[in-house]
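All chains are named by letter (A, B, ...) in the order of the sequence lines, taking the proteins before the strands, and each is independently numbered beginning at 1.
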Number of protein chains: 2
Amino acid sequence: MPVSEKSDALRERIRTIAAFYHRKGRMPSFSEIAEMTGMRSKNAVYKLVNRLERMKVLERDEKGRLIASSIAAPVKLLGTVEAGFPSPAEEELVDTLSLDDLLINNPDATFLLKVSGDSMSEAGILPGDMVLVERGVEPKNGDIVIAEVDGEWTMKYIKKRGEGVVLVPANSRYQPIRPKKELTIAGVVTAVVRKYR
Amino acid sequence: MPVSEKSDALRERIRTIAAFYHRKGRMPSFSEIAEMTGMRSKNAVYKLVNRLERMKVLERDEKGRLIASSIAAPVKLLGTVEAGFPSPAEEELVDTLSLDDLLINNPDATFLLKVSGDSMSEAGILPGDMVLVERGVEPKNGDIVIAEVDGEWTMKYIKKRGEGVVLVPANSRYQPIRPKKELTIAGVVTAVVRKYR
DNA sequence: TTATAGAGTGAACGAACGTTCACTGTCAAG
DNA sequence: CTTGACAGTGAACGTTCGTTCACTCTATAA
């Protein structure tokens, strides 16, 4: 049997398992895999899972159960726009990852805010975009922060000038803000997401 | 006992379960919940889970096992930037969601491409950003597409003019492209993500 | 043709699973 | 003081789990 056919059948089974995970929100049991792939013996699944584990396609916990790992990552990471798309033959070589894992460092401290206003438009943050904001991290010079200054919430670059702090918009039609009395930094913008359709 | 205290203890247990999920990649069993919360009876967990299920905090499959649902969503959705942040008291009221579910319609057909070049910078897509591209969907007028035109891959707006098609950049320093012989649409840009830190 | 490795079958095993039952405190309302 | 609701205990249940063993079938290699 040629290698490519064998590999095709294997990939189809991996896709079946991944589809189960995305449909049900948990990994299948061995019996469920047997049912889906048409196997009539759990031992066939057992050997299949061991092979996939050796290939680093699947992971298991200490009790032998499957856990969601790279197979659960929904999106495949390719190169650059110039590189275009790979052919189906080389598609299996690309890495997959989860946007959650990619963009979120600390789930408990991270919030999603919708952007209104165009004060950061020259930084590529447009009205209607969403920003991921992480609480409780120390803002560094040049970070984009969510701040409450003089009673109003805004999103700006933070620039430290000597002992003072200036909030700088990314839009030449707005002026930098020098907080008069109070300045509360609610969080640091760690990512921007924009959904088209 | 005041309601708020009861609610605090309950929330702490929900957090414990969610933390297990994010740490291990699967939902805990009843025994594991008992161990984590200090309970010595699985039945106490059984009643707890039933209560949380009635509150729509947890979900279970047909075999009684916990499945990852809203508790697994890593990020909390708040209002707008102007609204600022809610107080910890009202924090429990916000919705949580997963960026994967939010941005990805069809996991199998969606890829992540890194942007190089500034031809879409006026649309808020900067070099170094990543775009989610979905294959196999029909591009509508005004969509941003990844296209191979005359042997090169580019990202542009697609405008349909009568019978022809024009690829329009979002940067006044570049010219629209009228494909001479070949035009292959590889996919439609469904979302943009930018990671700051 | 014979040997061999790979993939699947089918039955059995102990462990872990969710579930149920009867029971024990504890605290607040009557 | 009594009662009832609530949270948790501890043991038992039937089921499902992953695992193991012995075996069959088939296709390739010697």
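- Every side-chain contact (heavy atoms from CB on, under 4.5 Å) that B:T110 has, sequence neighbours left out, goes to A:V75, B:I104, B:L132, B:E134.
- Nucleotide C:dT19 holds its C1' atom 12 Å from the CZ atom of B:R65, rounded to whole Å.
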Worked verdict on B:L77 versus A:M130 for side chain to side chain contact (heavy atoms under 4.5 Å, CB included): CA-CA 10 Å; B:L77 177 61; A:M130 299 183 125; 3.7 Å; yes
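- Applying the salt bridge (charged side-chain N to carboxylate O under 4.0 Å, His left out) definition to pairs two or more places apart or across chains, those involving residues 122-132 of chain B are B:D129-B:R194.
- Place B:R13 and B:K63 on DNA chain D by their nearest nucleotides, and B:R13 ends up nearer the 5' end.
- Environment of CD in B:E35: sparse, with no more than 12 heavy atoms of neighbouring residues, nucleotides or ligands closer than 6.0 Å.
- Residues forming a side chain to side chain donor-acceptor pair (under 3.5 Å) with A:E62 (at least two apart in sequence, or on another chain): B:K24.
- Near DNA chain D, defined here as any heavy-atom distance below 4.0 Å, the residues from residues 43-50 of chain B are B:N43, B:A44, B:K47, listed numerically.
- Proximity of A:V131 to A:I144: side-chain heavy atoms (C-beta onward) are nowhere separated by under 4.5 Å.
- Rounded to a whole Å, the CE atom of A:M27 is 14 Å from the P atom of D:dC17.
- Contacts of residues 30-42 of chain B with DNA chain C (heavy atom under 4.0 Å): B:F30, B:S31, B:K42.
- Figure legend: B:K76 and A:F111 shown as a cation-pi pair, the cationic atom lying under 6.0 angstrom from the six-membered ring centre and within 45 degrees of its axis.
- Remark: P of C:dC17 and CD of B:E62 are 18 Å apart, rounded to the nearest angstrom.
- In the hydrophobic clustering, B:I177 connects to B:V137, B:V145, B:V149, B:I158, B:V165, B:L167, B:L183, B:I185, B:V188, either directly or through intervening members, whenever side-chain heavy atoms lie under 4.5 Å apart.
- When the P atom of D:dA5 is taken as reference, atom CZ of B:R51 falls 16 Å away, rounded to whole Å.
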